[in-house]
Amino acid sequence: QVQLAESGGGSVQTGGSLRLSCAASGATYRTYCMGWFRQAPGKEREGVAFISTIGGRPYYVDSVKGRFTISQDNAKNTLYLQMNSLEPEDTAMYYCAAGTVGGGYFCHRLALGDYSYWGQGTQVTVSS
């Protein structure tokens, strides 16, 4: 089992920044892919940034590319999402998730169900 706990959400104005953290514990050695997902009211959950635990370039969806940065500190078992130039459209509940399949390749192509472990989420609200 892997436990994930997000923190760092909050309310900011357009153009502001937030840094989300996701502390992982438990059988983290089993995880190959880590991702940040978000879900706005009435919308489906979408992945926005992905990173492999075995290295390689992170992947971002077009809507956040150039504004968000995903990173990980393996020594601290912590995943981060630095979010800059925030827009009202970024308002959502943000979740981190861990996948144990795929070997760490093409993490952005894994199905939602392939991410076996999820945190409880942290709310990000961006006002105009």
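By convention here, the first residue in the shown sequence is residue 1.
- Residues passing the side chain to side chain donor-acceptor pair (under 3.5 Å) test with Arg67 are Asp90, sequence neighbours excluded.
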**Asked** Which is it for Phe68 and Leu86 under the side chain to side chain contact (heavy atoms under 4.5 Å, CB included) test, yes or no, and what are the steps along the way?
**Response** CA-CA 9 Å; Phe68 290 11; Leu86 283 162; 3.9 Å; yes

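- Rounding to the nearest 0.5 Å places OG1 of Thr78 at 9.5 Å from CE of Met34.
- Two residues are said to be in side-chain contact when any heavy atoms from C-beta on lie closer than 4.5 Å; Trp36 and Glu6 meet this criterion.
- Thr14 places a side-chain N or O within 3.5 Å of a backbone atom of Ser127 that can act as its donor or acceptor partner.
- For the atom pair CD of Gln82 and OG of Ser21, the computed distance is 9.5 Å after rounding to the nearest 0.5 Å.
- At least one side-chain heavy atom of Thr100 sits under 4.5 Å from a side-chain heavy atom of Tyr117.
- At least one donor-acceptor pair closer than 3.5 Å links the side chain of Thr91 to the backbone N or O of Val126.
- The ring of Phe37 has its center closer than 6.0 angstrom to the ring center of Trp118.
- Around atom CD of Gln13, no more than 12 heavy atoms belonging to other residues, nucleotides or ligands sit under 6.0 Å away.
- Under the 4.5 Å side-chain heavy-atom criterion for grouping Ile, Leu, Val, Met, Phe, Trp and Tyr, Tyr80 is not connected to Val61 through any hydrophobic cluster.
- In terms of heavy atoms, Lys43 sits closest to Gln39 at O-NE2, 3.1 Å.
- Of all heavy-atom pairs between Val124 and Gly9, the closest is CG2-CA, 4.2 Å.
- Proximity of a side-chain donor or acceptor of Ser52 to a complementary backbone N or O of Gly104 within less than 3.5 Å is detected.
- Nearest heavy-atom pair, Leu81 versus Ala49, reported as atom, atom and distance to 0.1 Å: CD1-CB, 4.0 Å.
- How far OH of Tyr94 is from OG of Ser7: 15.0 Å, rounded to the nearest 0.5 Å.
- A pairwise comparison of heavy atoms in Lys65 and Tyr60 identifies CE-O, 3.4 Å as the closest pair.
- Distance alone, capped at 3.5 Å, is enough to place a donor-acceptor pair between the Thr53 side chain and the Tyr32 backbone.
- The CZ atom of Arg57 sits 14.5 Å away from the CD1 atom of Ile70 when rounded to the nearest 0.5 Å.
- Under a hydrophobic clustering in which Ile, Leu, Val, Met, Phe, Trp and Tyr are joined whenever their side-chain heavy atoms come within less than 4.5 Å, directly or via other members, Leu112 and Tyr115 fall into the same cluster.
- Taken from CD in Gln72 to SG in Cys96, the straight-line distance is 12.0 Å, to the nearest 0.5 Å.
- Residue pairs meeting the disulfide bond (SG atoms under 2.5 Å apart) criterion with at least one partner in residues 30-90, sequence neighbours excluded, are Cys33-Cys107.
- The shortest non-hydrogen separation linking Gly119 to Tyr95 is O-CD2, 3.6 Å.
- Under the 4.5 Å side-chain contact rule for hydrophobic residues, Ile51 and Phe106 do not share a cluster.
- The CG atom of Leu4 sits 9.0 Å away from atom CD of Gln120, with the distance rounded to the nearest 0.5 Å.
- Counting all heavy atoms, side chain and backbone alike, Ala92 lies closest to Arg38 at CB-CB, 3.8 Å.
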